[in-house]
S.K.: 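Supplied in structure tokens, the structure appears directly below.
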Amino acid sequence: VWCSRGTSKSCMAVALQDRSLTAVPRPWGRLQVKVLGEMITTTVVGYVGETIVLPAKPIKSWTLLRIDWSILHNVTWIATWDKGVIKTDHRPEYKGRLSLNITTADLTMRDLRLRDAMHYDVDILNTSLHNQVNRVYLEVKERLKKPTIQLYQNFTKSENGCVLVLNCSSSDTGVNFSWEVEPPCHHCSSNSSTDTSELIAFFLTTPDTVNLTCIVKRELDSASSILISKMKVPTFESRHNCGYMFAWGFFTTMLAVTAVILLYHFR
């Protein structure tokens, strides 16, 4: 199939209706269509504000002659390399955010935005004038924000040990909570809802410092947010001081009551 230079765009669109055909614009104004196999499709995931590489995946043995990256079903160029010239300012929304590797044909996109999520086509021509068209699907997500840990009760004295009660909340939706406590607590219990989680940690002894980590994860995303909170807690000389403090308070109270009764009886 051959197209004249003046009608190359429309001819290319017609030719590409069949995925087994790819179009090769020739530098002399003629467009040659060669029969190739199915295009290679790849899916990549990026995050808002970060950088992602869109892989072109040309045949490894090829020496590249021209590269065209496009959107909107291969009709709008965003990055090109032709006759030794790299151009990445075809579209204003990508200005200053694209870099093209002329060896691998990979496209690097910086400062990702949610609206960048779409499919991208790369049209590659080698020095033998063989042509390949591949497609990359880009998904753009937002990173999870760090959760907030609040201390409700700091080692409440009890008869047998010490208790630490905390709450972890997240501004993100659809997250799963988990906790890590160091040193390990004798018994830990957590209760989570859609946006918050409560931890009750029981210790037989009283450590000087406790490191508490609240982790949030969403679906299969590997991104998570971790907040480590180091909190000083009261230290006591005895191994079971939480229980001893309760016993000592009870004993002194009873002694005071007995003294008052005796004084009243012998006055």
Side-chain angles (χ1 to χ4, degrees), residues 43-53 108-117 138-256:
T43 300
V44 295
V45 179
Y47 294 88
V48 172
E50 299 184 10
T51 298
I52 191 71
V53 176
T108 299
M109 188 178 299
R110 296 176 293 274
D111 188 23
L112 278 181
R113 302 160 188 179
L114 289 174
R115 65 172 178 265
D116 292 332
L138 173 60
E139 298 179 11
V140 182
K141 300 181 179 181
E142 292 184 283
R143 289 284 188 189
L144 294 175
K145 301 178 182 65
K146 287 186 176 182
T148 302
I149 295 179
Q150 292 180 318
L151 179 64
Y152 280 174
Q153 296 182 28
N154 192 357
F155 280 84
T156 303
K157 301 178 181 64
S158 68
E159 191 171 340
N160 299 312
C162 303
V163 178
L164 183 63
V165 182
L166 301 102
N167 178 270
C168 178
S169 59
S170 173
S171 59
D172 294 300
T173 59
V175 298
N176 295 320
F177 291 87
S178 62
W179 292 87
E180 293 180 359
V181 181
E182 183 63 36
C185 51
H186 180 260
H187 177 72
C188 288
S189 176
S190 62
N191 183 27
S192 302
S193 62
T194 56
D195 58 357
T196 187
S197 178
E198 184 178 78
L199 174 71
I200 301 176
F202 175 74
F203 297 84
L204 285 176
T205 59
T206 308
D208 293 332
T209 303
V210 179
N211 297 338
L212 302 126
T213 305
C214 177
I215 305 170
V216 290
K217 295 183 179 181
R218 181 166 51 198
E219 297 177 350
L220 298 178
D221 291 346
S222 59
S224 63
S225 181
I226 301 175
L227 179 65
I228 300 176
S229 179
K230 297 182 178 180
M231 287 169 282
K232 290 289 183 180
V233 298
T235 58
F236 304 99
E237 295 180 358
S238 174
R239 183 175 181 272
H240 299 290
N241 272 315
C242 284
Y244 287 159
M245 289 296 292
F246 176 83
W248 175 252
F250 179 80
F251 174 76
T252 53
T253 301
M254 292 301 297
L255 185 62

S.K.: With a 4.5 Å heavy-atom cut-off, do F202 and C188 have their side chains touching?
M.R.: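 Sidechains of C188 and F202: no contact.
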S.K.: Can you tell me how far the CG atom of D111 sits from the OG1 atom of T51, to the nearest 0.5 Å?
M.R.: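 Rounded to the nearest 0.5 Å, the CG-OG1 separation comes to 8.0 Å.
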S.K.: Backbone N or O of C168 within a donor-acceptor pair of the T196 side chain at under 3.5 Å?
M.R.: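 Confirmed, T196 side chain pairs with C168 backbone.
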S.K.: I need the E50 CD to E142 CD distance, nearest 0.5 Å.
M.R.: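 So the CD of E50 and the CD of E142 are separated by 11.5 Å.
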S.K.: Determine whether V140 and L138 make a side-chain contact, defined as any pair of heavy atoms from C-beta on separated by less than 4.5 Å.
M.R.: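 The answer is yes; the side chains approach within 4.5 Å.
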S.K.: Quick check: do V48 and L112 have side-chain heavy atoms less than 4.5 Å from each other?
M.R.: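 They are not in side-chain contact.
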S.K.: Quick one: CZ on F177 to CG on D195, what's the gap to the nearest 0.5 Å?
M.R.: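 Here the interatomic distance stands at 6.5 Å.
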S.K.: If the test is side chain to side chain contact (heavy atoms under 4.5 Å, CB included), which one of S170, S192, S197 qualifies with V216?
M.R.: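 Passing option: S170.
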S.K.: Of I200, L151, V181, which meets side chain to side chain contact (heavy atoms under 4.5 Å, CB included) against L166?
M.R.: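 Per the side chain to side chain contact (heavy atoms under 4.5 Å, CB included) rule, the option paired with L166 is L151, out of I200, L151, V181.
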S.K.: Would you name the heavy atoms of W179 and N167 that are closest together and state the gap between them?
M.R.: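 Heavy-atom minimum between the residues: CH2-C, 4.3 Å.
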S.K.: Distance check, rounded to the nearest 0.5 Å: R218 atom CZ versus D172 atom CG?
M.R.: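 Interatomic distance, R218 CZ to D172 CG, rounded to 0.5 Å: 5.0 Å.
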S.K.: Can you measure from CG (D116) to CD1 (I52) and round to the nearest 0.5 angstrom?
M.R.: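 D116 atom CG to I52 atom CD1 measures 11.0 Å (nearest 0.5 Å).
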S.K.: Looking at NZ of K217 and CG of N176, how far apart are the two atoms once the value is rounded to the nearest 0.5 Å?
M.R.: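 Between K217 NZ and N176 CG, I get 9.5 Å after rounding to 0.5 Å.
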